[in-house]
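Reminder, nothing fancy here: chain letters follow the sequence lines and each chain counts from 1. Keep in mind that the numbers below use all heavy atoms, side chains included, and drop hydrogens, waters and symmetry copies.
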Protein chains: 2
Amino acid sequence: MFRGDIIRIVLLWGAVLAAGAFGLQWLEYQYLAMRFSFEIYVGIIAVAFALGGMWLGWRLASRPRGAFRRNDAAIASLGLTRQEMRALELIAAGQSNKEMARTLGVAPNTVKTHISNLFAKLEVARRTQAVIRARELELIP
Amino acid sequence: MFRGDIIRIVLLWGAVLAAGAFGLQWLEYQYLAMRFSFEIYVGIIAVAFALGGMWLGWRLASRPRGAFRRNDAAIASLGLTRQEMRALELIAAGQSNKEMARTLGVAPNTVKTHISNLFAKLEVARRTQAVIRARELELIP
DNA sequence: GAAACCATCACCCGAAAGGGTGAGAAGCGC
DNA sequence: GCGCTTCTCACCCTTTCGGGTGATGGTTTC
């Protein structure tokens, strides 16, 4: 959980509660003015709050997915450098060393060095393992 | 959406509606017996239905996630065999050809053949690309 | 300015991966 | 039986990967 999330949840709750209170007041007025029967009044309230709750629950449950947040703490604790992270992303994208060299604008030997250091820090021996490990540590989506 | 999902959703809705109706009746009785004031009665209904809706919305939104469903149609249309699928899973698990041979109980050359055919069918050239492609096609989680 | 770190690149070497071809055995459908 | 698919394995060859070592130049840090 991050501060942005909490703020958004609080705002969400505030808006929902305000709308609910307002709607309730309006409904109560309608009821007291005898425009609604008792059962209809209660039914409207039940349906409205059930729908509101459903919407809110859906929203809260849906928000976390889709939003990938890179674990910068893990990157720092592993001591991964910028180029190593770029190499990691390109590995996960399925590029070969030669392609990565072209993408990064460096020599293939340089790419190999970065990958070697990357593997040592991730404690893996193959690129597929590196991708798995990086996903576990939330270094890449 | 699969039949199992639909049945479960229908049952879920049925149970929730039944519980809601029952609770409503009970509340109405309490109200008519004048044990509750009007505002408390309406408040209880609103909170209860909001919570119920939230729970339901949460459930509906979270259940589909996390449940991986293999795209058997894609597997069939690509003509992937059982051993090729097993090889694919082991590749995604980060195993080397030698390890896969041990896991599958066959010779390394056999594994290489399966992987060759697999790559041709997936139209990829590297194992990392195979994993990406397979994930896109929902062949593996 | 020395130490530490990062990025860059080179060389060697062995292992792993990938492409191509061929071929035998088992099972299935007609 | 015959064709088809699948699974199995082998051989050869090229490319890619990965490990190890060493070297240079630039930054930052103390």
Side-chain angles (χ1 to χ4, degrees), chain A residues 70-137 139-140, chain B residues 70-137 139-140:
Chain A
R70 201 174 57 174
N71 188 353
D72 289 310
I75 294 176
S77 77
L78 288 173
L80 295 180
T81 68
R82 202 157 308 114
Q83 291 293 74
E84 285 161 4
M85 278 303 296
R86 290 219 269 169
L88 174 59
E89 287 159 8
L90 294 179
I91 285 178
Q95 290 198 2
S96 70
N97 289 356
K98 208 175 286 181
E99 291 169 340
M100 293 166 68
R102 227 175 285 279
T103 303
L104 296 175
V106 298
N109 277 320
T110 305
V111 173
K112 290 184 59 176
T113 303
H114 289 320
I115 293 182
S116 265
N117 296 330
L118 173 68
F119 285 3
K121 291 175 183 176
L122 290 181
E123 295 177 298
V124 296
R126 274 180 287 284
R127 3 186 95 209
T128 45
Q129 292 180 340
V131 173
I132 295 172
R133 191 97 187 79
R135 238 184 269 278
E136 285 172 1
L137 297 171
L139 309 180
I140 54 176
Chain B
R70 200 173 57 171
N71 188 352
D72 289 309
I75 294 176
S77 77
L78 288 173
L80 296 179
T81 69
R82 205 158 303 115
Q83 291 293 72
E84 285 160 6
M85 278 303 297
R86 291 219 268 169
L88 174 59
E89 288 158 6
L90 294 179
I91 286 178
Q95 289 199 2
S96 70
N97 288 356
K98 207 174 288 181
E99 291 169 339
M100 294 165 67
R102 226 175 285 280
T103 303
L104 296 175
V106 297
N109 276 320
T110 305
V111 173
K112 290 182 59 174
T113 303
H114 289 320
I115 293 182
S116 263
N117 296 330
L118 174 68
F119 285 3
K121 292 174 182 175
L122 290 181
E123 295 179 298
V124 297
R126 274 179 287 283
R127 1 186 95 207
T128 45
Q129 292 179 340
V131 173
I132 295 172
R133 192 96 189 80
R135 239 184 268 277
E136 285 173 0
L137 297 172
L139 309 181
I140 54 175

B/S/- along nucleotides 14-19 of chain D (protein heavy atoms under 4.0 Å) is --SSBB
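Between T110(A) and dC9(C) there is a side-chain N or O to OP1 or OP2 distance below 4.0 Å. Of the side-chain N and O atoms in H114(B), none sit less than 4.0 angstrom from OP1 or OP2 of dC7(D).
Checked for salt-bridge contact, E99(B) and R102(B) miss the test: no charged N lies under 4.0 Å from a carboxylate O.
The two atoms that bring A130(B) and F119(B) nearest to each other are CB-CE1, 3.7 Å, heavy atoms only. The shortest non-hydrogen separation linking G94(A) to T128(B) is CA-OG1, 3.5 Å. Minimum interatomic distance between A101(A) and A107(A) (heavy atoms only, all atoms of both residues): CB-C, 3.9 Å. Counting all heavy atoms, side chain and backbone alike, H114(B) lies closest to A87(B) at CB-CB, 4.5 Å.
Listed for the K112(B) side chain is no donor-acceptor partner under 3.5 Å among the backbone atoms of N97(B). At distances below 3.5 Å, at least one donor-acceptor pair connects side-chain atoms of R127(A) with backbone N or O atoms of Q95(A).
Within a 6.0 Å radius of CZ in R82(B), other residues, nucleotides and ligands contribute 12 heavy atoms or fewer.
In this structure, CG of N109(B) is placed 13 Å from C1' of dA16(C), rounded to the nearest angstrom. Put simply, CG on N117(A) is 12 Å from C1' on dT8(C), counting in whole angstrom units.
Within the helix from dG1(C)-dC30(D) to dC30(C)-dG1(D), the inter-axis angle between the opening and closing five-pair segments is 50°, rounded to 10°.
Side chains of I115(B) and M100(B) form a contact here, defined as non-hydrogen atoms less than 4.5 Å apart. Between T110(A) and L104(A), every side-chain heavy-atom pair lies at or beyond the 4.5 Å cut-off.
Near-neighbour residues of DNA chain C inside residues 75-86 of chain A, defined by a heavy atom below 4.0 Å, number-ordered: T81(A), R82(A), Q83(A).
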